[in-house]
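Data first, discussion second: the structure below is written as structure tokens.
Computed from a predicted model, the values in this text were never measured in an experiment.
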Amino acid sequence: MKVFKRKEEYEGSKVAFVADKDMWYFTGIPEEYKENIIFSYGYSIENDLYVREIFEKLLEKEEKELYIGLIKELSKWFAFEVERYRNTGECLCDIHVNQVVPDFELNKEYLEKVGFSEPAEKLIDEIFEEYHKALRGKNLFQALLRFLSKKKRASKYSRENLFEMGAKMENGVINNLYEKLKVALYETDSKAG
């Protein structure tokens, strides 16, 4: 938001402001930003690049079951972080999946360190049901890559591969973002002219 607050410096230029919703995905975008910024559809742009129908087909049956279990554990942790944010305005979610769920259960030592308390089951379920939009995007890709980049796999993927696929393959969310950018830049252009 720091760049947006300096928007007067860009008057007369072709500029569009794009931002991640981050925790505003759960609390709502403040009114002063709704009109002038194009926000990610999900929690972040990484979520918008996550094409569930395609990426999860890359997982073998056993991998998919383990992946969904991992997502369930992450949903529980993330629900705690959402509640922390709602109560204090802070969250400690900028952390790698392997620290939170090193295997397939939440890391008890980590949970103790952050003062974890059981979040509301309803919130866990909401996040889990919409995990492709609601979990932190970086964590979502880290979880997927835990399986898709394994040494034993014949076909391996990197974060960059998946980002490119999410941007170039059929992805209605990214297409919508692109259309919003075109409109915003066209309006900027017509106001300047």
Given side chains that start at C-beta, do those of [X] and [Y] come closer than 4.5 Å, heavy atoms only?
| X | Y | answer |
| --- | --- | --- |
| F104 | E73 | no |
| N36 | F17 | no |
| L58 | L162 | yes |
| F141 | F163 | yes |
| L74 | Y131 | no |

E83 side chain to A120 backbone, donor-acceptor under 3.5 Å: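 It does hold such a pair.
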Measure up the F80 and F116 rings against each other and bin them: parallel (under 30°), tilted (30 to 60°), perpendicular (over 60°).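 Judged by the thresholds at 30° and 60°, the geometry between F80 and F116 is tilted.
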Residues R153, E63: salt bridge by 4.0 Å N-O rule: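 Judged by the 4.0 Å cut-off on N to carboxylate O distance, R153 and E63 do form a salt bridge.
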With sequence neighbours excluded, give me every side chain to side chain donor-acceptor pair (under 3.5 Å) pair touching residues 85-106.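 Sorted pair list: D94-R136, N98-R146.
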Y25-Y43 aromatic ring centre distance below 6.0 Å: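 No, too far apart.
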Counterpart residues, side-chain contact (heavy atoms from CB on, under 4.5 Å), relative to K152 (two or more places apart):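 None.
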Can you list everything that forms a side-chain contact (heavy atoms from CB on, under 4.5 Å) with K180? Sequence neighbours excluded, please.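 With sequence neighbours excluded, K180 shows a side-chain contact (heavy atoms from CB on, under 4.5 Å) to I38, N176, given in chain and number order.
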Neighbour count above 12 (heavy atom, 6.0 Å) for K138 NZ: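 Result for NZ/K138: open.
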Under a 3.5 Å cutoff, is there a donor and acceptor pairing between the side chains of N139 and Q142?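 Side-chain D/A pair, N139 to Q142: present.
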